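Since the structure comes first, as structure tokens, the remarks are kept for the end.
Predicted model only: the values in this text are computed from it and were never measured. Letters A, B, ... mirror the listed sequences (proteins, then strands); counts begin at 1.
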Protein chains: 2
Amino acid sequence: MEMRFDMAQNGALPPVARSCGGQSCENCVVRDHAICAGLDDADRDALSRIGRRVTLQAGQTVMWEGGDSTVVANVIDGTLKLATSTGDGREQIVGVVYAADFIGRPFGARTPHSVTALTDARLCLFPRGSFDGFALRHGELQHRLLQRTLDDLDRTRAWMLLLGRKTAREKVATFLLDMGRRLRADADGVIDLPLSRQQIADVLGTTIETVSRQMTEMKRTGVIDLVGRRGVRLVDSAALEALTEAG
Amino acid sequence: MEMRFDMAQNGALPPVARSCGGQSCENCVVRDHAICAGLDDADRDALSRIGRRVTLQAGQTVMWEGGDSTVVANVIDGTLKLATSTGDGREQIVGVVYAADFIGRPFGARTPHSVTALTDARLCLFPRGSFDGFALRHGELQHRLLQRTLDDLDRTRAWMLLLGRKTAREKVATFLLDMGRRLRADADGVIDLPLSRQQIADVLGTTIETVSRQMTEMKRTGVIDLVGRRGVRLVDSAALEALTEAG
DNA sequence: CTTATGCCTTGATCCTTGTCAAAAGCGGGC
DNA sequence: GCCCGCTTTTGACAAGGATCAAGGCATAAG
């Protein structure tokens, strides 16, 4: 088992996080998709007074595995990873979150996994205590949080099938299709992956070499095309879909 | 990849499930631990009128992967597995549930995984629509459901680390300690596993042969003791704990 | 434009685990 | 108490993927 101690990943928040408290919900790009959607103006306003905007740079960590659960947040934009690791440094990415997703552990003392920005990102950050109190008083918000948590659980369990039972080929194919669904391709049909090869390996429970070999092979057979380090074009999605469940 | 089509596992519910509608919540053994705990007498009574008790035999399936989500339930006693599989028959167990746990997919159209009894079991079964309506009107119940779902998600993510990054030895050690925590040992310190070797393999994302070899080896080194097919004694929990994260 | 720094790719080899096959042993039924 | 069926164990072998080791190539800095 290889060990990595990736210092760049562990940059703590700067002493004073760049807060944009002046920003309100009115011009928030995720207001209709995040859990705050459905709140009336007064409630949304009350919630916004609890939170503050925070900007993160790629590589910054907001929450640590096993640390006190002091904050929760909505993702305004950017991509972040949720990860756990063994004592000897093996890492497993247990979730990737995007704009409008919710992060952190409400109603619990500890954060069971770390949260780290993969790209530059903006969050709408709430102290957990205040957020918990607000949620308890607003059934609609709690309901949306429940819906989202149930969906997360479904997705997570589907991923367990991949980790436990799929081959390297199937894992990579599933991953690429999943990225194609979540990320928008540019005019040339190229997707800009928010993850490095190592991080893809950490999502799939395999190694960087295996990911690289599988992707190269898929390029050779014309199923995908690789553009620079982070670019992928899904040339033949049907073929990719087929690779999802067969030798 | 091996394929199994385990017919005994797929026994459908009998045409008329043995219902014990006469049973009330008053003498329910899980009333203080299931999500209904915390409801006042009137509300609990209303909820009980929605549900009915059902008895399952080991091997019976209550919900199917991808099927309509028509019912949800509290487990009164027994052990059940949650599972997903690939089109070619590889199975991954994504959860094991015990007395007082909640099963099924509220607030969603489809059940994303199957639910099958591992031992004889009793459920308190609710039609999903009625349950959803009740939950929407009772914030306390919804809050308990949220708490439980958040805990499930945390446990599930912890299990992803096992599936993606742990060795066979570490997987089996982690599994045995987990069982030791959840199940009570008898006077001799022997735990009666609710899972066959194959099912253990399906939980750990490995094969029956690997599970067997690891357990035999642990017995040889005196860390555990094997008693019949389903019995295990955790002789040296500290040593087992050590095997959880090292070669 | 040139150079330097990491990522990423590629190659060779090893080894853990999966696969195939058969023997052993537990448990239930007669 | 004995036998039969099925689970579990054990063995031999194969292979997919991990590990070790260079080398190539984007990307950013000078």
Side-chain angles (χ1 to χ4, degrees), chain A residues 1-9 58-59 86 88-92 118 162-172 190 192-202 204-220 224-232 243 246-247, chain B residues 1-9 58-59 86 88-92 118 162-172 190 192-202 204-220 224-232 243 246-247:
Chain A
M1 283 297 153
E2 117 268 27
M3 297 213 236
R4 279 168 296 110
F5 297 96
D6 202 332
M7 285 311 160
Q9 294 286 342
T86 58
D88 60 347
R90 285 169 279 170
E91 175 166 306
Q92 176 65 47
L118 295 172
L162 175 142
L163 289 175
R165 291 298 183 205
K166 291 196 177 180
T167 64
R169 172 77 39 99
E170 293 170 332
K171 285 179 176 182
V172 172
V190 174
D192 189 48
L193 298 175
L195 300 141
S196 69
R197 292 287 186 274
Q198 179 59 61
Q199 288 163 342
I200 295 173
D202 289 343
L204 300 180
T206 182
T207 60
I208 182 173
E209 293 95 334
T210 296
V211 171
S212 179
R213 278 189 253 266
Q214 293 300 334
M215 290 182 76
T216 303
E217 172 66 9
M218 287 178 188
K219 175 177 181 174
R220 197 185 64 74
I224 63 172
D225 201 15
L226 298 173
V227 183
R229 285 188 182 170
R230 297 295 186 102
V232 201
L243 291 179
Chain B
M1 282 295 155
E2 116 269 25
M3 297 212 238
R4 280 166 297 108
F5 297 96
D6 203 331
M7 284 310 157
Q9 295 285 340
T86 59
D88 60 347
R90 285 169 278 169
E91 175 166 309
Q92 176 66 46
L118 294 172
L162 175 141
L163 289 175
R165 291 295 182 207
K166 292 197 176 179
T167 65
R169 170 81 38 103
E170 294 170 331
K171 285 179 176 181
V172 172
V190 175
D192 188 47
L193 298 176
L195 300 140
S196 69
R197 293 287 186 276
Q198 179 60 62
Q199 288 163 343
I200 295 172
D202 290 342
L204 300 180
T206 183
T207 60
I208 181 173
E209 294 93 336
T210 297
V211 171
S212 179
R213 277 189 254 265
Q214 293 300 334
M215 290 182 74
T216 303
E217 173 66 9
M218 287 178 187
K219 176 179 181 173
R220 196 187 63 74
I224 63 171
D225 200 15
L226 299 173
V227 183
R229 285 188 180 168
R230 297 295 185 103
V232 200
L243 291 178

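Contact of A/Glu209 with D/dC20 (side chain to base): a donor-acceptor pair of N or O atoms is detected under 3.5 Å. If you check distances only, the side chain of B/Arg229 does reach the base of C/dC26 with a donor-acceptor pair under 3.5 Å. For B/Arg213 against D/dG11, a side-chain-to-base donor-acceptor contact under 3.5 Å is present.
Atom CD1 in B/Ile200 sits about 8 Å away from atom P in D/dT8, given to the nearest Å. Look at CZ on B/Arg90: it is 16 Å from C1' on C/dT17, rounded to the nearest Å. Going from atom CZ of A/Arg197 over to atom C1' of D/dT27 covers 15 Å, rounded to whole Å. Going from atom CG of B/Leu226 over to atom C1' of C/dG25 covers 13 Å, rounded to whole Å. C/dT10 atom C1' lies 14 Å from atom CZ of A/Arg220, rounded to whole Å. Following rounding to the nearest Å, B/Leu118 (CG) and D/dT7 (C1') show an atom-to-atom distance of 16 Å. Nucleotide C/dT9 holds its C1' atom 16 Å from the CE atom of A/Met218, rounded to whole Å. Between the P atom of D/dA18 and the CD atom of B/Glu170 lies a distance of 14 Å, rounded to the nearest Å.
Distance CZ/A/Arg169 to CE/A/Met215: 12.5 Å, rounded to 0.5 Å. Taken to the nearest 0.5 Å, the CG atom of A/Leu204 stands 7.5 Å off from the CG atom of A/Leu163.
Here A/Arg165 pairs with B/Asp202 in a salt bridge; the nearest charged N to carboxylate O distance falls below 4.0 Å.
Listed nucleotides C/dC8, C/dT17, D/dT9 differ in distance to B/Ile208; the shortest reach to its side chain belongs to D/dT9. Listed nucleotides: C/dT10, C/dT17, D/dT10. Nearest to the side chain of B/Ser212: D/dT10.
For C/dG18, one of the phosphate oxygens OP1 or OP2 lies less than 4.0 angstrom from a side-chain nitrogen or oxygen of B/Thr210. For B/Thr207 and C/dG18, the shortest distance from a side-chain N or O to OP1 or OP2 is below 4.0 Å. Side-chain N/O atoms of B/Thr216 include none lying less than 4.0 angstrom from OP1 or OP2 on D/dT8.
Under a 3.5 Å cut-off, the side chain of B/Ser212 and the backbone N or O of B/Ile208 do not form any donor-acceptor pair.
For the side chain to side chain contact (heavy atoms under 4.5 Å, CB included) with B/Val232, the qualifying choice from B/Ile224, B/Asp192, B/Asp225, B/Val190 is B/Ile224, the only one to do so.
The 5' end of DNA chain C is approached more closely, in terms of each residue's nearest nucleotide, by A/Met215 than by the other of B/Lys171 and A/Met215.
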